[in-house]
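Numbers here simply count residues along the sequence, with the first being 1.
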Amino acid sequence: MTRPLAIFRRAAEGAAMVLGLGLLAVICLTWTPFAMVLGPLLPQPIGKRIGRRAIQTGFRLYVELLQLLCGCRFDLKALDELAHRPGPMILVANHPSLLDAVLLVSHLPNAVCIMKALLMHNLFLGAGARMARYIVNDAPLPMIRSAIAELRDGARLIIFPEGTRTSELPVGPCAATAGVIAARAGVPVDVIVIEMSSPYLGKHWPLTRPPQLPLHVRVRHAGQMHIATADAQRFGTDVRDALARTLRTAPETAGHAAINEEVNGHG
């Protein structure tokens with residue numbers, strides 16, 4: 001690639017990054033004042049339903065805009081298939097990027113996330129998350145009880161068992177929390193694998209660094225795990241093995257090589 005062409009390409013990638021992040025901020029901030037007013041006023045079941053539908057709709061719009069304007073290519077057919085399945089479900093996924101929750105929520109109706117308590121006070125996400133009655137992870141027992149109650153109400157519970165973005169390839173250490181919830185609620189765990197052509201917005205990726213475009217993201221359904229009470233405490237090891245096996249079957253691409261270099265280079 002000639003130098004002028006390379007400069008143009010990097011400029012285009014930088015512009016796409018700024019546009020993509022700006023679109024997310026606009027979508028979140030557009031809903032925030034409505035969530036701040038409606039959240040306390042509406043009865044909890046109605047507010048929760050409206051809040052989750054609004055977040056799904058906003059994130060779905062964002063994903064479409066990323067594909068249309070920002071050089072992103074998403075293969076989310078596996079999520080569409082899960083969305084048509086009736087009843088409650090627990091979905092666990094690896095966590096390579098800040099985009100992960102956006103992608104899952106955008107295609108799953110009545111989705112509820114377990115999230116850090118700090119995000120409940122975030123300017124962009126806090127009001128919407130509170131109205132949607134997302135679950136905070138600051139106290140284990142209340143978190144588990146809330147998750148079970150949501151499942152009994154038919155929700156799709158999204159958990160990233162690594163607890164943070166992936167820092168150790170192919171997937172970092174995983175907690176047993178989802179297994180404990182699954183065993184107590186009697187709901188199987190669906191294992192979701194997220195594959196990216198670039199480590200964009202990963203653990204060691206600066207927010208101001210553009211991705212290499214086009215950015216390809218594929219979501220795969222790796223199978224279902226039925227968790228007995230006796231097996232719940234070893235769920236972290238079992239799900240890490242399941243995620244790692246599926247990730248290792250992905251074709252080796254320049255993007256995967258970049259992810260390896262990015263993570264290993266930052267130890």
Test item: [X] side-chain N/O and [Y] main-chain N/O as donor-acceptor pair under 3.5 Å:
{"X": "Thr32", "Y": "Ala127", "value": "no"}
{"X": "Arg184", "Y": "Ile148", "value": "no"}
{"X": "Glu162", "Y": "Gly172", "value": "yes"}
{"X": "Ser106", "Y": "Arg60", "value": "no"}
{"X": "Ser146", "Y": "Met143", "value": "no"}
{"X": "Asn94", "Y": "Ile194", "value": "yes"}

Atom pair [atom1] ([X]) and [atom2] ([Y]), whose distance is rounded to the nearest 0.5 Å:
{"X": "Leu65", "Y": "Ile27", "atom1": "CG", "atom2": "CD1", "value": "5.5 Å"}
{"X": "Leu201", "Y": "Arg209", "atom1": "CG", "atom2": "CZ", "value": "11.0 Å"}
{"X": "Gln224", "Y": "Leu82", "atom1": "CD", "atom2": "CG", "value": "9.0 Å"}
{"X": "Ser198", "Y": "His216", "atom1": "OG", "atom2": "NE2", "value": "11.0 Å"}
{"X": "Leu104", "Y": "Gln56", "atom1": "CG", "atom2": "CD", "value": "11.5 Å"}
{"X": "Asn137", "Y": "Ile135", "atom1": "CG", "atom2": "CD1", "value": "10.5 Å"}

If hydrophobic clusters are built from ILVMFWY residues whose side chains come within less than 4.5 Å, do [X] and [Y] share one?
{"X": "Leu68", "Y": "Met17", "value": "yes"}
{"X": "Leu207", "Y": "Val26", "value": "no"}
{"X": "Val18", "Y": "Leu66", "value": "yes"}
{"X": "Leu69", "Y": "Val217", "value": "yes"}

Apply side-chain contact (heavy atoms from CB on, under 4.5 Å) to Ile159 and Leu157, showing your working.
CA-CA 7 Å; Ile159 302 177; Leu157 179 67; 3.8 Å; yes
Could you tell me whether Gln67 atom CD has more than 12 heavy atoms of other residues or ligands within 6.0 Å of it?
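Atom CD in Gln67 is crowded, with more than 12 foreign heavy atoms closer than 6.0 Å.
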Please determine whether the number of non-hydrogen atoms from other residues, nucleotides or ligands lying under 6.0 Å from atom CZ of Arg10 exceeds 12.
yes
Heavy-atom check, side chain of [X] versus side chain of [Y], under 4.5 Å:
{"X": "Glu195", "Y": "Arg220", "answer": "yes"}
{"X": "Val219", "Y": "Val193", "answer": "no"}
{"X": "Val180", "Y": "Thr229", "answer": "no"}
{"X": "Leu243", "Y": "Ile192", "answer": "no"}
{"X": "Leu215", "Y": "Met196", "answer": "yes"}
{"X": "Leu151", "Y": "Ile181", "answer": "yes"}
{"X": "Val105", "Y": "Ile158", "answer": "yes"}

Any chance you could pull the hydrophobic cluster mates of [X], using side-chain heavy atoms under 4.5 angstrom and chaining through other members?
{"X": "Met131", "answer": "Trp31, Phe34, Leu38, Leu42, Ile46, Ile50"}
{"X": "Leu118", "answer": "none"}
{"X": "Val37", "answer": "Leu41"}

Could you walk me through whether Phe235 and Val189 pass the side-chain contact (heavy atoms from CB on, under 4.5 Å) check?
CA-CA 10 Å; Phe235 175 81; Val189 175; 3.9 Å; yes
Indicate the atoms forming the closest heavy-atom contact of Ala176 with Ala232, along with that distance.
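Smallest interatomic distance, heavy atoms only, reads CB-O, 3.6 Å.
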Minimum heavy-atom distance Asn110-Ala155, with the two atoms named
ND2-CA, 3.3 Å
Where do Tyr134 and Ile55 land on the side-chain contact (heavy atoms from CB on, under 4.5 Å) test, with the steps shown first?
CA-CA 11 Å; Tyr134 283 2; Ile55 292 174; 3.6 Å; yes
Tell me, please, which residues at least two apart from [X] pass side chain to side chain contact (heavy atoms under 4.5 Å, CB included).
{"X": "Phe124", "result": "Ala25, Cys28, Leu29, Asn122"}
{"X": "Ala83", "result": "Leu108, Pro109"}
{"X": "Lys48", "result": "Arg52, Arg133, Glu150, Asp153"}
{"X": "Pro140", "result": "none"}

Taking the basic N atoms (NZ, or NE/NH1/NH2) and the acidic carboxylate oxygens, is any pair closer than 4.0 Å for [X] and [Y]?
{"X": "Arg9", "Y": "Glu13", "result": "yes"}
{"X": "Asp190", "Y": "Arg85", "result": "yes"}
{"X": "Arg73", "Y": "Asp75", "result": "no"}

Who are the salt bridge (Lys or Arg N to Asp or Glu O under 4.0 Å) partners of Arg145, not counting sequence neighbours?
none
Qualifying ring pair (Phe, Tyr, Trp, His ring centres under 6.0 Å) pairs with a residue from residues 7-30, counting only residues at least two apart or across chains
none
Provide the full list of ring pair (Phe, Tyr, Trp, His ring centres under 6.0 Å) pairs with a residue in residues 55-95, sequence neighbours left out, each pair given once.
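Matches after skipping sequence neighbours: His95-Phe160.
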Quick one: salt bridge (Lys or Arg N to Asp or Glu O under 4.0 Å) pairs with a partner in residues 95-115, sequence neighbours left out?
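Residue pairs with at least one partner in residues 95-115: there are none.
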Applied to residues 226-241, the salt bridge (Lys or Arg N to Asp or Glu O under 4.0 Å) test, sequence neighbours excluded, yields Glu168-Arg240, Asp231-Arg234, Arg234-Asp238
In terms of side-chain heavy atoms, does Lys203 have a donor or acceptor partner in Thr164 at a distance below 3.5 Å?
yes
